[in-house]
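Notes for the one structure printed next.
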Amino acid sequence: MAECVRTTLNPSHFLLHSTKTPTQNPFFSSHSSFEAKSNARKYPKISLSVMSSQNQSQSQSQGQTQVPSLDALLNSGRKEEVFASIKASLHNCLSETNLHLTVPGLKSKTRGKVRDIYDSGDYLVLVTTDRQSAFDRILASIPFKGQVLNETSLWWFNRTRHMIPNAVLSVPDKNVTIAKKCSVFPVEFVVRGFVTGSTETSLWTVYKNGVRYYCGNVLPNGLVKNQKLTANILTPTTKAEDHDVPVTPDEIIERGLMTQDEFDEAREKALSLFEYGQVHTPDSSRYWIANSYEERFQNGLEPENIDKEFLRLWFRENCNPYEEKVLPDAPEELVCELAWRYIFLYETITKSRFEVQPMGEPIHDRISRNVSSALSSLQ
């Protein structure tokens, strides 16, 4: 899992890394504004807009190759092509699955934040849903998000086989991966490249609260938000039922969660994979436009970003997502915009066209049929 990244999506156009401050409204692609749903109390109007970097106009005036602005990239003709499908799918999201009730041979279900995992005896069936999680809870369902995550993950699995083997056996459905059973360490390896974030465990949040020793890493004084670290760092967490808990390497060993050799090997692999990709998936990474990052950072401005952070910030600005039992509904426009951004990132990273599933058969029925067929062929 990558908390923060700097990456080349299209080398000739832009790089990316990640996120925004909780005190600012997000800057995104549409120049329209809209009202959030009332949900028992009114929430402030949000203006979604994009601020292009000054580098754009300077390079044009100097006769240099024009770099597309964030606004131009996100509001392309391709967006018009898929937006109707996104809106039509708002009420056909894959928010919950119950394959153990419809597919013979599935013994149990484990519900994660985003994935539903089924035990078939010899294999695990991982279904990537459209659930959007943050603050240790589900915020919304985003059309096509599960398909994007599953296909992006598979794209990376195929390209990192030379670094580490993976468990993928079959992909019977755009939302589903069938994998070998593995022994799992109860530790999540989070790699960070920048001082940023808005959640309670983000590096910027703990740093601004005075923490200088975090998950075994000594952090120097004087760092500012969105600053690049001199080297990528590992900040592991233990996997708890409700939330992830930061832990040091020494504590991992002392608690018997891993041996020293196991930790060392996993650490080396995590750092290598992060450095190799520094993008991975829209759920585990943050994306910043690199051609405007340096200037905006020097001027104390938030980076232009294309990730789910703006949805987190909307909830931070309109409620207390950690304490309130009932959260307001995410505005429909915000949900559609995030769905488009997931598709945009997939197409930019993989340089492949995203196949939008046509409306018709309910997603759960399609997945149930495809998983049943795949398991029969694997037996």
Side-chain angles (χ1 to χ4, degrees), residues 1-7 17-22 112-114 133-137 160 163-164 182-288 303 305 307-309 312 316 321-322:
M1 176 174 171
E3 162 73 9
C4 194
V5 299
R6 183 186 184 114
T7 180
H17 9 271
S18 106
T19 161
K20 287 191 165 304
T21 90
K113 294 176 182 176
V114 174
S133 71
F135 310 108
D136 301 318
R137 62 197 304 177
T160 55
M163 303 179 69
I164 188 169
C182 302
S183 297
V184 180
F185 296 115
V187 180
E188 183 168 3
F189 277 45
V190 183
V191 180
R192 306 177 191 261
F194 289 74
V195 186
T196 191
S198 61
T199 62
E200 288 186 349
T201 57
S202 73
L203 193 55
W204 172 244
T205 300
V206 298
Y207 186 86
K208 74 177 181 180
N209 289 335
V211 175
R212 294 297 179 268
Y213 182 75
Y214 188 58
C215 299
N217 301 284
V218 177
L219 304 173
N221 291 321
L223 296 178
V224 297
K225 190 170 188 282
N226 303 323
Q227 183 173 345
K228 187 180 187 303
L229 296 168
T230 56
N232 297 330
I233 63 172
L234 178 69
T235 58
T237 66
T238 58
K239 299 301 295 178
E241 183 175 344
D242 297 326
H243 60 279
D244 300 339
V245 180
V247 65
T248 68
D250 287 344
E251 290 170 335
I252 290 173
I253 308 305
E254 290 168 0
R255 296 180 189 179
L257 303 179
M258 304 176 77
T259 67
Q260 186 67 59
D261 288 344
E262 289 168 342
F263 176 84
D264 290 342
E265 181 179 6
R267 178 183 184 278
E268 186 273 327
K269 294 297 184 184
L271 290 170
S272 296
L273 288 167
F274 182 87
E275 183 178 5
Y276 179 82
Q278 293 219 279
V279 177
H280 305 298
T281 72
D283 254 24
S284 66
S285 299
R286 302 171 193 251
Y287 300 80
W288 293 343
N305 70 68
D307 55 40
K308 66 179 181 179
E309 181 69 0
R312 288 194 191 102
R316 286 290 293 265
Y322 283 110

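No experiment lies behind these values; they were computed from the predicted model shown.
- R192 has its side chain within reach of Y214: a pair of non-hydrogen atoms, C-beta onward, lies under 4.5 Å apart.
- Shown are T201, T235, L203; of these, the side chain to side chain contact (heavy atoms under 4.5 Å, CB included) with V190 is made only by T235.
- Looking at heavy atoms from C-beta onward, V279 lies in side-chain contact with Y287 at the 4.5 angstrom threshold.
- T160 contributes no side-chain N or O that, together with a main-chain N or O of M163, makes up a donor-acceptor pair within less than 3.5 Å.
- Screening V206, L219, L223 for a side chain to side chain contact (heavy atoms under 4.5 Å, CB included) involving V195 leaves a single residue, L223.
- Closest non-hydrogen pair, P246 versus C215, comes out as CB-SG, 3.7 Å.
- Counting non-hydrogen atoms of other residues, nucleotides and ligands closer than 6.0 Å to CD of Q260 gives a total above 12.
- Inter-residue side-chain proximity for L234 and V191 is flagged as met; some heavy-atom pair is nearer than 4.5 Å.
- Evaluation of the side-chain contact (heavy atoms from CB on, under 4.5 Å) rule for Y322 yields F135, D136, T199, E200, N320 as partners, not counting sequence neighbours.
- Listed here is the closest heavy atom pair of L271 and N232: CD2-O, 4.2 Å.
- Listed here is the closest heavy atom pair of R316 and P321: CD-CG, 3.9 Å.
- Under the rule for a side-chain contact (heavy atoms from CB on, under 4.5 Å), the partners of V114 that lie at least two apart in sequence or sit in another chain are T128, T129, S133, K145, L149, D283.
- Residue pairs satisfying the ring pair (Phe, Tyr, Trp, His ring centres under 6.0 Å) criterion with at least one member in residues 254-273, sequence neighbours excluded, are listed as follows: F189-F263.
- T248 places a side-chain heavy atom less than 4.5 Å from the side chain of Y213.
- Side-chain contact check for K225 versus T196: some heavy-atom pair is nearer than 4.5 Å.
- Using a 4.5 Å heavy-atom cutoff, the side chains of R255 and V247 are in contact.
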